[in-house]
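As structure tokens, the structure follows; a few thoughts come after it.
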Amino acid sequence: MKTVGMCLIVPFFLLFPFSGISLAFLGGPPSGGTPLPEKTWFVSKWKEGPDTIREYSINGTVFAVSYRGIRLPDLKILIGPYYQEYRSLSFRKLRGESIKTGDIGVLLGGHMRDLHGMIWIRKSVPKGFLDGH
């Protein structure tokens, strides 16, 4: 259990090079920062140059993460225990479409130098969160 607790917050430079900001992973407690209330959930935002990561949390748990930038973040770190399920998806179907698996939902899009995506825990998403996504 201690190992899992130690992995909850990871250095941002592992996601985007040359940064000292920390983030939590999907399903873990939110990292520091200043959460901004938005409807019934909170949004914490980190920006490093042209790259942005947002974590969405409710009741002390990150239920979704999103990114936008010129680089793809290290999703193995960003989505933590859900990474293997993410890797099992057929990536040909992901571009611009919402794909739902057993535990997660995924929406990816963009093109070279403008990559974006969102990954969420299906059972933890509050009502209204996915409206417009």
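Residue numbers count from 1 along this sequence. Predicted model, so just to flag it, every value in this text is computed and none were measured.
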Response to the item:
Taken to the nearest 0.5 Å, the spacing of Ile119 CD1 from Asp103 CG works out to 13.0 Å
Response to the item:
Rounded to the nearest 0.5 Å, the CZ atom of Arg87 sits from the CD atom of Glu85 at a distance of 13.5 Å
Worksheet item: Would you find a donor on one side and an acceptor on the other, under 3.5 Å apart, between the side chain of Ser57 and the backbone of Gly60?
Response: no
Response to the item:
Here the pair of heavy atoms bringing Leu75 nearest to Tyr67 is CD2-CE2, 4.1 Å
Worksheet item: Roughly how far, to the nearest 0.5 Å, is the OH atom of Tyr86 from the CG atom of Leu78?
Response: 10.0 Å
Worksheet item: Counting distance only, does the side-chain N/O of Arg54 pair as donor-acceptor with the main-chain N or O of Trp46 below 3.5 Å?
Response: no
Worksheet entry | Shortest non-hydrogen separation from Val125 to Trp120 and the atoms involved | CG2-CD1, 3.3 Å
Worksheet item: For Leu115 and Arg71, which heavy atoms make the closest approach, and how far apart are they?
Response: CD1-C, 3.9 Å
Practice prompt. Can you measure from CD1 (Ile53) to CG (Asp51) and round to the nearest 0.5 angstrom?
Written response: 8.0 Å
Worksheet item: Looking just at side-chain N and O atoms, do Ser66 and Tyr56 make a donor-acceptor pair shorter than 3.5 Å?
Response: yes
Worksheet item: Who passes side chain to side chain contact (heavy atoms under 4.5 Å, CB included) against Pro126, sequence neighbours left out?
Response: Thr40, Trp41, Ile58, Phe63, Phe129
Worksheet entry | Listed partners of Asp114 passing salt bridge (charged side-chain N to carboxylate O under 4.0 Å, His left out), at least two apart | Arg68
Worksheet entry | With Thr61 via side chain to side chain contact (heavy atoms under 4.5 Å, CB included) - residues at least two apart | none
Worksheet item: Atom NE2 of His116 and atom OG1 of Thr52: how far apart are they, to the nearest 0.5 Å?
Response: 12.5 Å
Worksheet item: Could you state the interatomic distance from CD (Glu55) to CG (Leu26), rounded to the nearest 0.5 Å?
Response: 10.0 Å
